[in-house]
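These notes concern the structure reproduced below.
Please read these numbers as outputs of a predicted model, since none were measured by experiment.
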Amino acid sequence: MISFVSKNKLILGIIAGVLLGGAVGSFFPEFGASTQIIGELFLNALKMVVLPLIIVSIMLSIMKVGNLGSLGLKTIAYYAATTAIAVSIGIAVVTILQPGEASEIINGNMPDVVKSKEGFKVTDILYQMSTPNLFKSAYEFQILPIVIASLLFGIAFGKIKKEKQLILDLFEGIDRAIMTVVHWIITLTPIGIFGLIAGKIGEAGGGDEVLRLAMQLGKYVFCVLLGLFIHGFIILPLLLRVLSGRNPVTYFKDLSETLLTAFSTASSSASLPLTITNVTENAKVSPKVSKFVLPLGATINMDGTALYESVAVIFIAQSYGIQLGGGELVVIFLTATLAAIGAAGIPEAGLVTMVLVLQAVGLPIEGIGIILAIDWFLDRFRTTVNVWGDSIGAAVIEKLEPDERSG
Ligand code: ASP
């Protein structure tokens with residue numbers, strides 16, 4: 001694959017980008033904010049390749065995979081199980097530590113996108129999966145219907161007898177071309193990440209301001225980070241070790257570029273080009289499996305978001321002085337899992353689908369105002385866990401589908 005810089009140089013560059021971006025944004029917020037354009041250009045470049053990558057990857061792997069039913073079912077079952085574990089950790093942490101007990105209610109301004117979701121129902125998540133117009137979905141960067149359409153067309157192409165090889169060769173060629181463009185974009189990651197981090201911290205008013213915000217909701221921030229830490233550093237690595245036999249430390253190193261990109265972009269979808277590259281090229285997971293499992297994961301598997309939503313909703317209830325019973329915790333467990341599946345892989349999408357969870361247990365959606373100011377910050381951590389969870393899924397499913405390991 002065409003690549004301008006070696007793997008080691010790239011990761012050092014990315015780490016330098018994160019540190020320098022953090023320092024510039026913290027100490028020179030105005031200048032930091034002015035570098036945001038660099039980050040946005042980089043983000044646009046990544047997003048530009050996401051849709052073609054998803055469409056071609058999914059169709060190609062479906063055409064190559066022998067037993068799609070088994071692969072699909074195992075992927076969905078595995079992702080649903082890890083999301084459920086994540087929600088349970090969130091519920092346990094926030095119930096034990098009670099971060100909301102002493103906090104007073106400070107309602108911030110509700111963003112329009114959250115207000116417009118008033119009345120959001122479980123059936124709306126189903127609705128989001130369908131589209132009358134694929135181009136409109138693509139234009140609006142709604143990936144779930146695109147994933148579903150790619151699945152359907154992939155299955156259909158696989159059934160064509162006469163031209164199947166021709167189509168396969170064509171898609172292989174397009175896939176290689178897309179991956180070449182992906183590598184070109186990846187070369188820009190260090191500078192793009194610098195712009196994203198310096199820009200965001202600068203826009204937030206500098207390091208002191210971010211620290212002040214984090215301290216203001218300190219116990220809540222601690223609960224979210226603790227939950228994410230338990231899931232990301234204990235549960236998921238354990239699953240990787242036990243179910244795939246891989247070394248979690250090595251896997252983490254192989255994935256470091258995409259994890260830092262997830263942290264900087266706060267978007268699992270935008271990180272997908274790097275996730276696929278790292279998982280297939282660094283960790284050497286079979287592309288046949290990972291090019292099916294990863295786009296699906298980036299769209300429906302969000303362990304970090306699910307955990308976050310359960311902590312946030314229970315924290316809001318505690319802040320209002322509302323005691324939740326066992327039945328309500330079960331409702332939160334179910335709706336937070338669904339809300340995470342329904343959340344798009346874009347920044348702060350989890351905040352919007354949280355409306356569903358709040359309404360399911362009768363909490364006011366204005367409660368979101370309490371946690372709004374710090375959401376962009378926590379979003380980075382939960383997105384990193386989302387992408388880490390997707391990537392571990394690829395290694396696990398590869399092991400569970402021994403026939404699909406090659407190619
Ligand atoms: N930003 C997250 C993601 O892209 C979604 C969320 O807001 O939780 O994975």
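- A donor atom on one side chain and an acceptor atom on the other are found under 3.5 Å apart for Ser70 and Glu401.
- If you check the side chains of Thr131 and Ser137, you find a donor sitting under 3.5 Å from an acceptor.
- Interatomic distance, CG of Leu236 versus OH of Tyr251, reported as 11.0 Å (0.5 Å rounding).
- Among all heavy-atom pairs drawn from Leu400 and Lys74, the shortest one is O-NZ, 3.0 Å.
- Taking CD1 from Ile201 and CG from Leu211, the interatomic distance works out to 11.0 Å, rounded to the nearest 0.5 Å.
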Step-by-step side chain to side chain contact (heavy atoms under 4.5 Å, CB included) determination, Gln323 to Gln318:
CA-CA 7 Å; Gln323 272 301 318; Gln318 291 170 356; over 6 Å; no

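- Ser244 and Glu398 share no side-chain donor-acceptor pair at under 3.5 Å.
- Put simply, the side chain of Phe315 does not reach to within 4.5 Å of the side chain of Cys223, judged on heavy atoms.
- The shortest side-chain heavy-atom distance between Ile276 and Ser290 does not fall under the 4.5 Å cut-off.
- Between Phe157 and Phe153, the ring-plane angle classifies as tilted under the 30° and 60° cut-offs.
- Other residues, nucleotides and ligands place no more than 12 heavy atoms under 6.0 Å from the CD1 atom of Ile191.
- Counting heavy atoms from C-beta outward, Thr383 and Met302 have side chains that stay 4.5 Å or more apart.
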Is there a side chain to side chain donor-acceptor pair (under 3.5 Å) between Glu257 and Thr189 once you walk through the steps?
CA-CA 9 Å; Glu257 289 156 17; Thr189 311; over 6 Å; no

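- Shown here for Ala349 and Ala344, the closest heavy-atom pair between the two residues is CB-O, 3.1 Å.
- Nearest heavy atoms, Ile143 versus Ser269: CD1-OG, 3.5 Å.
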What verdict does the side chain to side chain contact (heavy atoms under 4.5 Å, CB included) test give for Leu274 and Val182, after you've listed the backbone C-alpha separation in whole Å, the side-chain angles of each residue and the deciding distance to 0.1 Å?
CA-CA 8 Å; Leu274 278 105; Val182 166; over 6 Å; no

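- Of the possible donor and acceptor atoms, none in the side chain of Asn386 sits under 3.5 Å from a partner among the backbone N and O of Ser268.
- Side-chain atoms of Asp390 and Thr275 include no donor-acceptor pair closer than 3.5 Å.
- For the pair Arg212 (side chain) and Gly207 (backbone), a donor-acceptor distance under 3.5 Å is absent.
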Carefully, step by step, assess Thr261 and Leu46 under the rule side chain to side chain contact (heavy atoms under 4.5 Å, CB included).
CA-CA 10 Å; Thr261 305; Leu46 279 177; 4.1 Å; yes

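- Two residues are said to be in side-chain contact when any heavy atoms from C-beta on lie closer than 4.5 Å; Val385 and Leu307 fail this criterion.
- Between the Thr250 side chain and the Arg246 main chain, no donor and acceptor come within less than 3.5 Å of each other.
- Although no hydrogens or angles enter the test, the distance criterion places a donor-acceptor pair under 3.5 Å between the side chain of Gln98 and the main chain of Thr95.
- Smallest separation of non-hydrogen atoms from Ser391 and Val279: CB-CG2, 3.9 Å.
- A salt bridge links Lys291 with Asp175: the distance from a Lys NZ or Arg NE/NH1/NH2 to an Asp or Glu carboxylate oxygen falls below 4.0 Å.
- One N or O on the side chain of Ser130 and one on the backbone of Tyr127 form a donor-acceptor pair closer than 3.5 Å.
- Looking at Thr335, its side chain never comes within 3.5 Å of a backbone N or O of Val357 through a donor-acceptor pair.
- In this structure, the separation between CD1 on Ile397 and CG on Leu294 is 10.5 Å, given to the nearest 0.5 Å.
- The distance from the OG atom of Ser319 to the CG atom of Leu217 is 8.0 Å, given to the nearest 0.5 Å.
- Put simply, the side chain of Val210 reaches to within 4.5 Å of the side chain of Phe377, judged on heavy atoms.
- Put simply, the side chain of Phe292 reaches to within 4.5 Å of the side chain of Leu296, judged on heavy atoms.
- Using a 4.5 Å heavy-atom threshold, the side chains of Ile185 and Pro273 count as separate.
- Aromatic ring pairs are classed by plane angle as parallel below 30°, tilted from 30° to 60° and perpendicular above 60°; the pair Phe252 and Trp388 is perpendicular.
- Within the cation-pi definition used here (under 6.0 Å to the ring centroid, within 45° of the axis), Arg382 qualifies as a partner of Tyr308.
- Pairing each heavy atom of Lys288 with each of Lys64, the nearest pair is CD-CB, 3.4 Å.
- The two residues Val285 and Ala394 come nearest to each other via the heavy atoms CG1-O, 3.7 Å.
- If you take CZ on Phe263 and OG1 on Thr265, they are separated by 10.5 Å, rounding to the nearest 0.5 Å.
- Here CD1 of Ile234 is found 8.0 Å from CD1 of Ile89. Values are rounded to the nearest 0.5 Å.
- Within 6.0 Å of the CG atom in Asp208, the count of heavy atoms belonging to other residues, nucleotides or ligands does not exceed 12.
- Counting heavy-atom neighbours within 6.0 Å of Phe28 CZ, excluding the residue itself, gives a total of 12 or less.
- For Ile37, the CD1 atom sits in a loose shell: 12 or fewer heavy atoms of surrounding residues, nucleotides or ligands are nearer than 6.0 Å.
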Check the pair Thr75, Tyr79 against side chain to side chain contact (heavy atoms under 4.5 Å, CB included), reporting the backbone distance first and the verdict last.
CA-CA 6 Å; Thr75 306; Tyr79 279 154; 3.7 Å; yes

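- With no hydrogens or angles considered, no side-chain donor-acceptor pair links Thr258 and Asn278 at under 3.5 Å.
- A donor-acceptor pair under 3.5 Å links the side-chain atoms of Ser267 to the main chain of Gly345, judged by distance alone.
- Counting only heavy atoms from C-beta outward, the side chains of Asn282 and Thr277 never approach each other to under 4.5 Å.
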